[in-house]
J.: 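Here it is, the structure, as structure tokens.
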Amino acid sequence: MNSLFLIGNGFDLAHGMKTSYENFHDYLKENHPDAKASFGGYVPESITMPDGGESYNDVEVVGLLFEVISNAEPYGDKWSDLETSVGYLELDDYFSDWDDDNPWHKVYRNQDLADNLVGAILEITEYFADWINEIEPTDSLPIADFVKLIDKKNDFFLTFNYTDTLEMLYEAENVCHIHGEQGGELLFGHGNDEDYYEENMGRNVGSEDRLQYMQSKLRKNTEMALKKNQGFFSSISKSVKKIYSYGFSFSKVDEVYVHELCRILPTADITWYLNDYDDASKQDEYKEIVRSCGFKGSFDTYHIS
């Protein structure tokens, strides 16, 4: 009988690692101290490089990111839900300052603004990857209760983290980094599938193509992740009888993986264990999400000191 562990960012945080979205926010502040989130609608302009590529001023771009992301974040300047937030950016203010009544002038202006705005915002994926790759391995000791809970050779670990904490500290063997890992290609983005094309065209005609492109580029490609890691999912389909979620927040964009697990596993015979670190209301919220994904088994809790 094997167990499956869903490992989220709370796992790395429990090991003292600086892997929260607010840590990324701090990283940007520390590396770009002159960037300020008060550009008041200023759109960075790209510079054409000798090789034909486009480049931006980092201070301007990071200042723009501070502004648009903090406006989309549920707690403002304290970043807590970055990937969701990049799917709900409010950008109308960057197109509003225009007195020319000529509609064609407006279209061309909005196209140019959208080109620069989108190009600058998409730089976030490079900054994010740079930050992930600079995160230092934990110097924490293994958590004793977790060591007792796992079978490092035979259990399965579906981790949503980019770090190798599981492998380095616990010598876990059957690990799937569903969103990539440090030093490799990373999967980052939102799960908002709403189509804003007509809405953007109605509000800021000329911007719609580039804004649609941005929405697509910042969407997390979970279908690709599932296809790429189908071997892992196939390997667990017959043997798992227990599922543990540790530091996993069941975000909307990641529900697709829970759906897939419930599709391939005989969940009526499986117990899903939630960490008792979360209070009863949060546990009920998680149970509701898991049930909505097709889980038919029972729930229980486990404890990590």
J.: Could you check if a side-chain atom of Asp164 sits within less than 4.5 angstrom of a side-chain atom of Leu169, using non-hydrogen atoms only?
T.: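 SC-SC contact between Asp164 and Leu169 ruled out.
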
J.: For a 4.5 angstrom cut-off between non-hydrogen side-chain atoms, does Val240 reach Phe156?
T.: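 Of all side-chain heavy-atom pairs linking Phe156 with Val240, at least one is under 4.5 Å.
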
J.: Is the ring pair Tyr286/Phe250 parallel, tilted or perpendicular, if the boundaries are 30 and 60 degrees?
T.: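 The rings of Tyr286 and Phe250 sit tilted, inter-plane angle from 30° to 60°.
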
J.: Closest heavy-atom contact between Ile124 and Ile69?
T.: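 Heavy-atom minimum between the residues: CD1-CD1, 3.3 Å.
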
J.: Got a sec: does the CE of Met224 have more than 12 other heavy atoms crowding it under 6.0 Å?
T.: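 Atom CE in Met224 is crowded, with more than 12 foreign heavy atoms closer than 6.0 Å.
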
J.: Test your reading of the model: is there a side-chain donor-acceptor pair from Ser70 to the backbone of Glu67, 3.5 Å cut-off?
T.: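 Checking the backbone N and O of Glu67 against the side chain of Ser70, no donor-acceptor pair under 3.5 Å is found.
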
J.: Looking only at non-hydrogen atoms, find the nearest pair between Cys262 and Val290 and report the distance.
T.: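 Minimum heavy-atom separation between Cys262 and Val290: SG-O, 4.4 Å.
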
J.: When you measure from the side chain of Asp130 to the backbone of Tyr127, do you find a donor-acceptor pair of N or O atoms at a distance under 3.5 Å?
T.: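 Absent.
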
J.: Run the numbers on Ser305 and Asp145 for side-chain hydrogen bond (donor to acceptor under 3.5 Å, both in side chains), then give the verdict.
T.: CA-CA 7 Å; Ser305 297; Asp145 285 342; 3.0 Å; yes

J.: When Trp272 is tested against each of Phe248, Tyr244, Phe295 for ring-ring contact (aromatic ring centres under 6.0 Å, His included), which residue passes?
T.: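 So the option named by the test is Phe295.
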
J.: In Å and rounded to the nearest 0.5 Å, what is the CD1 to OG1 distance from Ile243 to Thr267?
T.: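 Going from the CD1 atom of Ile243 to the OG1 atom of Thr267 covers 8.0 Å.
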
J.: Could you note down all residue pairs passing salt bridge (Lys or Arg N to Asp or Glu O under 4.0 Å) where residues 255-269 supplies at least one of them, sequence neighbours left out?
T.: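 For residues 255-269: Lys252-Glu255, Glu260-Arg263.
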
J.: Residues in salt bridge (Lys or Arg N to Asp or Glu O under 4.0 Å) with Glu83, at least two apart?
T.: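 For Glu83, the residues satisfying salt bridge (Lys or Arg N to Asp or Glu O under 4.0 Å) (neighbours in sequence not counted) are Lys220.
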
J.: Keeping Glu54 on the side-chain end and Met49 on the backbone end, is there a donor-acceptor pair under 3.5 Å?
T.: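 A pair under 3.5 Å: no.
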
J.: May I ask you to decide if the ring planes of Phe146 and Tyr170 are parallel, tilted or perpendicular, using 30° and 60° as cut-offs?
T.: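 Phe146 vs Tyr170 ring planes: perpendicular.
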
J.: Return the CG to OG1 distance between Leu218 and Thr125, rounded to the nearest 0.5 Å.
T.: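 Interatomic distance, Leu218 CG to Thr125 OG1, rounded to 0.5 Å: 7.5 Å.
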
J.: So, using salt bridge (Lys or Arg N to Asp or Glu O under 4.0 Å) as the criterion, who are the partners of Lys242 when residues are at least two apart?
T.: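 Here no residue qualifies.
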
J.: Could you walk me through whether Ser251 and Asp254 pass the side-chain hydrogen bond (donor to acceptor under 3.5 Å, both in side chains) check?
T.: CA-CA 5 Å; Ser251 64; Asp254 294 328; 3.1 Å; yes

J.: Atom CG of Leu211 and atom CD of Glu208: how far apart are they, to the nearest 0.5 Å?
T.: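 Answer rounded to 0.5 Å: 8.0 Å.
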
J.: Among side-chain atoms of Asp58 and His32, is any donor-acceptor pair under 3.5 angstrom?
T.: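 Distance-only check fails for Asp58 and His32.
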
J.: Please confirm whether the backbone N or O of Gly183 pairs with a side-chain atom of Asn133, one donor and one acceptor, at under 3.5 Å?
T.: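 Here the side-chain-to-backbone pair exists.
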
J.: Counting C-beta onward and ignoring hydrogens, is there a side-chain heavy-atom pair between Lys18 and Tyr27 closer than 4.5 Å?
T.: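 Lys18 does not reach Tyr27 side chain to side chain.
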
J.: Ignoring hydrogens, what is the shortest heavy-atom contact between Ser85 and Glu73? Give both atom names and the distance.
T.: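 So the minimum-distance heavy-atom pair works out to OG-OE2, 2.8 Å.
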
J.: Can you tell me if NZ on Lys217 sees more than 12 non-hydrogen neighbours from other groups inside 6.0 Å?
T.: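 Result for NZ/Lys217: open.
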
J.: Step by step, would you call Leu117 with Leu64 a side-chain contact (heavy atoms from CB on, under 4.5 Å)?
T.: CA-CA 9 Å; Leu117 189 59; Leu64 173 68; 3.9 Å; yes

J.: Lys106 versus Phe95: any side-chain heavy-atom pair under 4.5 Å?
T.: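 They are not in contact (no side-chain heavy atoms under 4.5 Å apart), so the answer is no.
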
J.: Check Ile178 against Leu187 and note the closest heavy-atom contact, atom names and distance.
T.: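 That would be O-CD2, 4.4 Å.
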
J.: Treating Asn116 as the side-chain partner and Ser46 as the backbone partner, does any N or O pair qualify as donor plus acceptor under 3.5 Å?
T.: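 Yes.
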
J.: Around Lys241, counting heavy atoms of other residues, nucleotides and ligands shown, do more than 12 lie under 6.0 Å from its NZ?
T.: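 Enclosed.
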
J.: Salt bridge (Lys or Arg N to Asp or Glu O under 4.0 Å) with Glu171: which residues, sequence neighbours excluded?
T.: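 By the salt bridge (Lys or Arg N to Asp or Glu O under 4.0 Å) rule, Glu171 matches Lys152.
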
J.: Output, in order, the C-alpha distance, side-chain angles, deciding distance and verdict of salt bridge (Lys or Arg N to Asp or Glu O under 4.0 Å) for Asp193 and Arg219.
T.: CA-CA 8 Å; Asp193 292 326; Arg219 183 179 294 114; 3.3 Å; yes

J.: Rounded to the nearest 0.5 Å, what separates atom CG in Leu113 from atom CG in Leu91?
T.: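 Rounded to the nearest 0.5 Å, the CG-CG separation comes to 11.0 Å.
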
J.: For residues 2-14, which side-chain N or O atoms pair as donor and acceptor with protein atoms under 3.5 Å away, sequence neighbours left out?
T.:
residue, atom, partner, partner atom, Å
Asn2, OD1, Ser239, OG, 3.2
Asn2, ND2, Asn154, O, 3.3
Asn9, OD1, Thr19, OG1, 2.7
Asn9, ND2, Thr19, O, 3.1
Asp12, OD1, Thr163, OG1, 3.3
Asp12, OD1, Thr165, OG1, 2.8
Asp12, OD2, Thr163, OG1, 2.5

J.: I want to check something: taking the side chain as every heavy atom from C-beta on, are Leu82 and Val86 in contact at a cut-off of under 4.5 Å?
T.: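 Touching, per the 4.5 Å side-chain cut-off.
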
J.: Nearest heavy-atom pair of Pro33 and Glu30: which atoms, and what distance?
T.: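 Minimum heavy-atom contact is CD-O, 3.7 Å.
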
J.: Do you know which two heavy atoms are closest between Tyr21 and Ser80, and how far apart they sit?
T.: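 Answer, listing the atom of Tyr21 first, then Ser80: CD1-O, 3.4 Å.
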
J.: Report the C-alpha separation of Phe160 and Leu158 in whole Å, then their side-chain angles, then the decisive distance to 0.1 Å, and conclude whether the side-chain contact (heavy atoms from CB on, under 4.5 Å) test is met.
T.: CA-CA 7 Å; Phe160 295 78; Leu158 178 61; 4.1 Å; yes

J.: Under the ring-ring contact (aromatic ring centres under 6.0 Å, His included) rule, collect the residues that match up with Phe128, sequence neighbours excluded.
T.: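 Only Phe24, Trp131, Tyr162, Phe188 meet the ring-ring contact (aromatic ring centres under 6.0 Å, His included) criterion with Phe128.
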
J.: Is any side-chain heavy atom of Asn192 closer than 4.5 Å to a side-chain heavy atom of Val253?
T.: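 Sidechains of Val253 and Asn192: no contact.
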
J.: Side chains of Leu149 and Tyr246: does their closest heavy-atom pair fall under 4.5 Å?
T.: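 The answer is no, as the side chains (C-beta and beyond) never meet within the 4.5 Å cut-off.
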
J.: Return yes if some donor-acceptor pair links the side-chain N/O of Glu90 with the main-chain N/O of Ala72 below 3.5 Å, else return no.
T.: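 Pair absent, no side-chain N/O of Glu90 close to backbone of Ala72.
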
J.: Please check this pair: side chain of Gln215 against backbone of Tyr196, looking for a donor-acceptor N/O pair closer than 3.5 Å.
T.: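 Such a contact is absent between Gln215 side chain and Tyr196 backbone.
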
J.: In the structure I gave you, are the side-chain heavy atoms of Ser245 and Leu274 within less than 4.5 Å of one another anywhere?
T.: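 With C-beta onward as the side chain, the pair touches.
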
J.: Check the surroundings of atom NZ in Lys287: do more than 12 heavy atoms from other residues, nucleotides or ligands lie under 6.0 Å from it?
T.: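 Result for NZ/Lys287: enclosed.
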
J.: How about His179 and Tyr257: are their ring centroids closer than 6.0 Å?
T.: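 Ring centres of Tyr257 and His179 closer than 6.0 Å.
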
J.: When rounded to the nearest 0.5 angstrom, what distance separates CD in Gln283 from OH in Tyr277?
T.: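 Rounded to the nearest 0.5 Å, the CD-OH separation comes out at 12.5 Å.
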
J.: I'd like to know if the side chain of Glu22 reaches the main chain of Trp79, judged simply by a donor and an acceptor atom lying under 3.5 Å from each other, with no hydrogens or angles considered.
T.: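 Checking the backbone N and O of Trp79 against the side chain of Glu22, a donor-acceptor pair under 3.5 Å is found.
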
J.: Taking Arg203 for the side chain and Glu198 for the main chain, is one N or O donor matched with an acceptor at less than 3.5 Å?
T.: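 Side chain of Arg203 to backbone of Glu198, a donor-acceptor pair under 3.5 Å: no, none is there.
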
J.: Taking atom CG of Leu166 and atom CG of Asn161, what is their separation to the nearest 0.5 Å?
T.: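 If I round to the nearest 0.5 Å, the distance is 7.5 Å.
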
J.: Using modelled atom types only, decide if a donor and an acceptor are shared between the side chain of His25 and the backbone of Asp77 within a distance under 3.5 Å.
T.: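 Looks like yes, one N/O pair under 3.5 Å.
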
